[in-house]
Amino acid sequence: MRAPSSGAGVVAVLPAAGSGVRLGAGVPKAFVGLAGVPMLVRAVDGLLASDVVGHVVVVVPADQVAGAAALLPARPVTVVAGGADRTASVAAGLAAADPDAEVVLVHDAARPLTPAAVVRRVVDAVRAGAAAVIPVLPVTDTVKQVDADGVVVSTVDRSALRAVQTPQGFRAADLRRAHAGTPDPRTDDAGLVEALGDPVATVAGDPLAFKVTTAWDLRIAELLLAGAAREETV
Ligand code: CTP
Ligand code: MG
């Protein structure tokens with residue numbers, strides 16, 4: 001068991017400012033309830049339950065700042081308004097993060113079931129000296145490259161491929177350097193560090209850290225939570 005103070009120096013930025021077009025719930029995805037608890041609340045509590053995160057900067061649509069803060073009482077969080085794309089939202093969160101933090105995590109609100117062990121593996125790897133760390137899983141499907149007409153061009157060697165999850169962890173100074181200026185929008189933050197030519201290390205991800213993107217994913221997450229609740233009562 002870690003001491004409660006072990007989150008000192010680690011801040012997490014939680015991008016939750018997307019609209020959730022592919023989920024199609026009619027409200028921003030992070031505010032959609034999962035077994036009655038909004039995804040962004042589950043994601044914040046998952047980070048804090050790791051005992052290695054001291055503060056969370058939650059980034060939400062500009063008209064949801066007060067609403068998000070009301071959902072997160074009695075937690076070490078700051079809520080700020082996001083930007084037009086994920087990269088801009090992370091930059092807004094980073095600007096509000098404690099400038100003295102040594103380690104910054106960036107974690108999608110859309111990964112509400114991420115186990116605390118993944119968070120700890122990422123922080124431990126940064127603490128051990130890596131500038132940037134991402135949790136990954138092997139790719140299990142056969143992967144093919146296709147042309148504009150959908151005709152197969154080639155079969156990709158999947159043994160060298162990894163599917164990437166969050167939280168991604170960074171030495172704070174390196175992430176701030178990667179976000180300096182106006183970087184091209186990317187779907188993750190390690191991509192910005194890669195673009196600088198810096199090495200990005202990997203640790204084991206977890207299937208439970210999957211991203212809720214579509215209605216199917218939301219259903220799977222609900223079934224997983226229902227199964228876990230049943231197991232606790234037997
Ligand atoms: N995100 C964000 N700001 C944006 C866009 C995305 O903070 N302008 C966040 C989302 O809230 C989510 C994470 O980045 O937690 C991953 O993005 P994604 O799964 O694509 O979520 P959405 O952009 O909300 O979904 P969609 O692309 O289907 O609209
Ligand atoms: Mg998106």
Side-chain angles (χ1 to χ4, degrees), residues 11-34 37-48 50 53 55-69 71-72 75 77-97 104-115 118-119 122 132 134-137 163-170 175-176 178-179 182-193 205-222 224:
V11 63
V13 173
L14 190 82
S19 48
V21 170
R22 288 169 290 178
L23 184 60
V27 291
K29 183 163 72 179
F31 293 80
V32 171
L34 186 50
V37 180
M39 279 196 259
L40 80 89
V41 175
R42 288 189 181 275
V44 167
D45 287 347
L47 287 165
L48 295 174
S50 72
V53 174
H55 196 91
V56 184
V57 181
V58 183
V59 190
V60 299
D63 60 355
Q64 304 285 337
V65 172
L71 288 172
L72 295 162
R75 294 170 177 86
V77 301
T78 303
V79 183
V80 299
D85 56 58
R86 187 183 180 282
T87 304
S89 292
V90 172
L94 204 47
V104 178
L105 301 184
V106 182
H107 183 46
D108 293 328
R111 298 181 189 271
L113 303 186
T114 303
V118 177
V119 182
V122 170
I134 59 175
V136 299
L137 289 177
V164 178
Q165 303 181 321
T166 74
Q168 302 189 346
F170 305 89
L175 184 61
R176 288 185 192 281
H179 269 274
T182 48
D184 292 337
R186 306 225 172 207
T187 54
D188 79 345
D189 297 276
L192 295 173
V193 174
D206 190 296
L208 282 172
F210 73 102
K211 183 159 72 72
V212 174
T213 305
T214 63
W216 167 266
D217 302 322
L218 188 63
R219 186 82 186 109
I220 297 290
E222 275 167 352
L224 286 165

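Counting convention: from 1, in listed order, for ligands and their atoms alike.
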Solution key, residues 38-48 side-chain donor-acceptor pairs under 3.5 Å, sequence neighbours excluded:
| from | atom 1 | to | atom 2 | distance (Å) |
| --- | --- | --- | --- | --- |
| Arg42 | NE | Leu34 | O | 3.0 |
| Arg42 | NH2 | Leu34 | O | 2.8 |
| Asp45 | OD1 | Arg75 | NE | 2.6 |
| Asp45 | OD2 | Arg75 | NH2 | 3.1 |

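Partners of Arg22 under the salt bridge (Lys or Arg N to Asp or Glu O under 4.0 Å) rule, at least two apart in sequence or in another chain, do not exist in this structure.
Side-chain atoms of Gln165 do not come within 3.5 Å of backbone N or O of Leu137 as any donor-acceptor pair.
Sorted by chain and number, the heavy-atom contacts of ligand 1 below 4.0 Å come from Pro15, Ala16, Ala17, Gly18, Ser19, Gly20, Val21, Arg22, Lys29, Gly83, Ala84, Asp85, Arg86, Ser89, Asp108, Ala109, Ala110, Lys211.
Residues Phe31 and Pro61 approach most closely at CE1-CD, 4.2 Å, considering heavy atoms. The nearest pair of heavy atoms linking Leu113 to Phe210 is CD1-CE2, 4.2 Å.
Every pair passing side chain to side chain donor-acceptor pair (under 3.5 Å) that includes a residue from residues 78-93 is listed here, sequence neighbours excluded: His55-Thr78, Arg86-Asp108, Arg86-Asp189.
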